[in-house]
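Beneath this line is the structure, given in structure tokens, with notes to follow.
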Amino acid sequence: MKRLLTLLAVTLLAVTAMAQNAKPQPLTQEAFEALCPTPPMGWNSWNRFGCDVNEQLLMGAADALVASGMKDAGYEYIVVDDCWQIDRDADGNIVCDPERFPHGMKYVADYIHSKGLKFGIYSCVGTHTCAGRPGSMGHEYQDALYYARTGVDYLKYDFCNNRGTNSKTAYTIMREALKEAGRPIVFSICEWGSTKPWEWAQGVGHLWRATGDIINLWDGKEDWGGHGMVNIIDLVQDLYPYNGPGHWNDPDMLEVGNGGMNVIEDQSHFSMWCMLAAPLMAGNDLSNMSDDTRRILTNKEVIAIDQDPLGIQAHLSVAMGDRQIWVKQLVDDGYAVCFFNRGETPWDLNFNWSDIPELRATGNSYGVYDLWQHKAIAKSTAKNVVSTIPSHGVLMVRLTPVR
Ligand code: GLA
């Protein structure tokens, strides 16, 4: 009997050891591509906190995402950007900053998961990240396994210090490593639009940055390649043919609530990101949000435009100098229309709907619903739309076909 028990115990140990070393079941390309049918939504540490990240910040952001109603509005990823990592050990394993993450990254991931949320992490194609931390070059498979074991659900993968490597090749190596590691991980490509990822990245990653970094300003440009909010809109304006379920143009993370723009401008920023079917990564301090910031970030009716299953990026339909009319087709045969006043004076709008070519072409009439006032403003598009749009403001409406 004793021998039988010993034999059983030894067998059990061997089976456990085998299971622990078992090769993960790789993800098929089909399963990988199906991971991100609507633009991802969440929060990322970079815009507001830069390198000043630690476990309390991430866990506090998870708490605030739930408490603020953002989780309920669809935000799910808590993403730590650069500077969580500090070194590699003798075996080449990535090491997190022990002072800022004393319990390790799995502890943080587990906490985030316990809130019903998902965990995202950051690395880089190059030898070093943009902030000089260890990058993944030569360690792709090892890092991907670490992400899978840690419980990572989203990887933002940057392009600094890449030693002139070909972008498509480099991002494909990491995609293969992620698939091989067997955990579903959304793959966010961040090469700043430098090698036209919209032409090659569908199937390689789920979203790709289409521009240099956003800066916390309405309009502006930095020598190092930063762009103000409206400048980013101009840069992505013609990329709408490349957007769609599972493959998103990324105009960068949100600056809503970071103070560089006023409330009207923040509302326009959020409206336009939703018109563009952009990834919605909040970049503010979630634990200290004004009511206006929360109101903007949690407007479910505006978010529904972003998350529309067709995944169509709006295009600029009518341009009259600083006054623009953007149109986005929706799954219910309706449209989202955003009248965007980029000028310095109010726009006294008195506009015939049939002057928008798409609407004229359908010949339909539509009910008009104001997505910021949360009310129907006209029963049909037979009459002109009349409104005063403040400088830097929007009128954003949803048109639903009158049947
Ligand atoms: C690049 C990226 C940013 C951010 C920083 C981190 O600039 O574009 O979004 O991740 O690196 O160093």
Side-chain angles (χ1 to χ4, degrees), residues 39-54 57-58 61 77-87 94 96-97 100-101 105 119-137 143 147 152 154-163 165 167 170-171 174 185-198 201 204-217 220-229 231-232 235-236 239 248-258 260 269 273 276 278-285:
M41 295 174 65
W43 174 86
N44 174 300
S45 53
W46 184 254
N47 280 357
R48 174 69 178 76
F49 297 97
C51 269
D52 194 10
V53 289
N54 57 51
L57 177 75
L58 300 186
Y77 295 99
I78 296 286
V79 183
V80 62
D81 207 281
D82 211 344
C83 303
W84 63 271
Q85 67 291 65
I86 201 160
D87 205 356
I94 193 79
C96 69
D97 183 332
R100 290 170 173 266
F101 296 93
M105 301 314 280
F119 178 48
I121 214 162
Y122 165 99
S123 191
C124 184
V125 163
T127 54
H128 292 85
T129 69
C130 300
R133 304 302 175 100
S136 288
M137 188 172 268
D143 284 356
Y147 303 145
V152 168
Y154 182 107
L155 173 67
K156 174 177 170 183
Y157 202 45
D158 220 328
F159 202 48
C160 284
N161 306 302
N162 63 49
R163 297 195 166 160
T165 190
S167 54
Y171 283 98
M174 185 48 103
I185 296 181
V186 168
F187 190 28
S188 159
I189 292 175
C190 179
E191 57 70 270
W192 326 297
S194 59
T195 62
K196 299 192 177 165
W198 45 89
V204 179
H206 303 98
L207 57 156
W208 50 80
R209 280 276 298 281
T211 73
D213 289 10
I214 193 168
I215 49 177
N216 186 14
L217 279 183
K221 199 162 172 40
E222 297 281 358
D223 294 345
W224 50 266
H227 307 279
M229 193 276 284
N231 313 93
I232 291 210
L235 288 167
V236 301
L239 298 182
W248 307 103
N249 293 316
D250 178 3
D252 207 358
M253 302 169 296
L254 295 163
E255 293 284 10
V256 174
N258 279 339
H269 172 21
W273 259 234
L276 296 170
L280 296 179
M281 289 290 167
N284 58 315
D285 181 356

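Bear in mind that the values here come from a model prediction, so they are computed numbers and not experimental data. Whatever order the structure lists them in is the order used to number ligands and atoms, beginning at 1.
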Residue pair D158, W192: steps toward the side-chain hydrogen bond (donor to acceptor under 3.5 Å, both in side chains) verdict: CA-CA 9 Å; D158 220 328; W192 326 297; 3.2 Å; yes
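Taking every non-hydrogen atom of R209 and a distance limit under 4.0 Å, the qualifying atoms of ligand 1 come out as 8 (O), 9 (O). Those atoms of ligand 1 that come under 4.0 Å of a heavy atom in A131, given as number and element, are 12 (O). With ligand atoms numbered from 1 in the order given, ligand 1 contributes 2 (C), 8 (O) to contacts under 4.0 Å with heavy atoms of C190. Those atoms of ligand 1 with a heavy atom of K156 less than 4.0 angstrom away are 3 (C), 4 (C), 9 (O), 10 (O). Against a heavy-atom cut-off of under 4.0 Å, D81 is close to the following atoms of ligand 1: 4 (C), 6 (C), 10 (O).
Between F187 and Y171, the ring planes are tilted. Angles from 30° to 60° get that label.
Among N44, T129, N47, the single residue meeting the side chain to side chain donor-acceptor pair (under 3.5 Å) criterion with D81 is N44.
With sequence neighbours excluded, no residue satisfies ring-ring contact (aromatic ring centres under 6.0 Å, His included) with Y122.
Contacts between D158 and ligand 1, counted as non-hydrogen atom pairs separated by less than 4.0 Å, involve the side chain only. If you look at C160 next to ligand 1, there are no close heavy atoms at all, none under 4.0 Å.
Within the 4.5 Å cutoff, the side chain of N249 has heavy atoms near those of the W208 side chain.
In the candidate list W46, W192, F159, W46 is nearest to atom 5 (C) of ligand 1, counting heavy atoms.
When hydrogens are left out, the protein atom nearest atom 12 (O) of ligand 1 is D82 OD2, 2.8 Å; that is the closest non-hydrogen contact. Atom 3 (C) of ligand 1 has its closest protein heavy atom at D213 OD2, 3.5 Å.
Taking CZ of R48 as the start and CG of L57 as the end, the distance is 9.5 Å to the nearest 0.5 Å. With rounding to the nearest 0.5 Å, the separation of OG1 in T195 from CZ in F159 is 5.5 Å.
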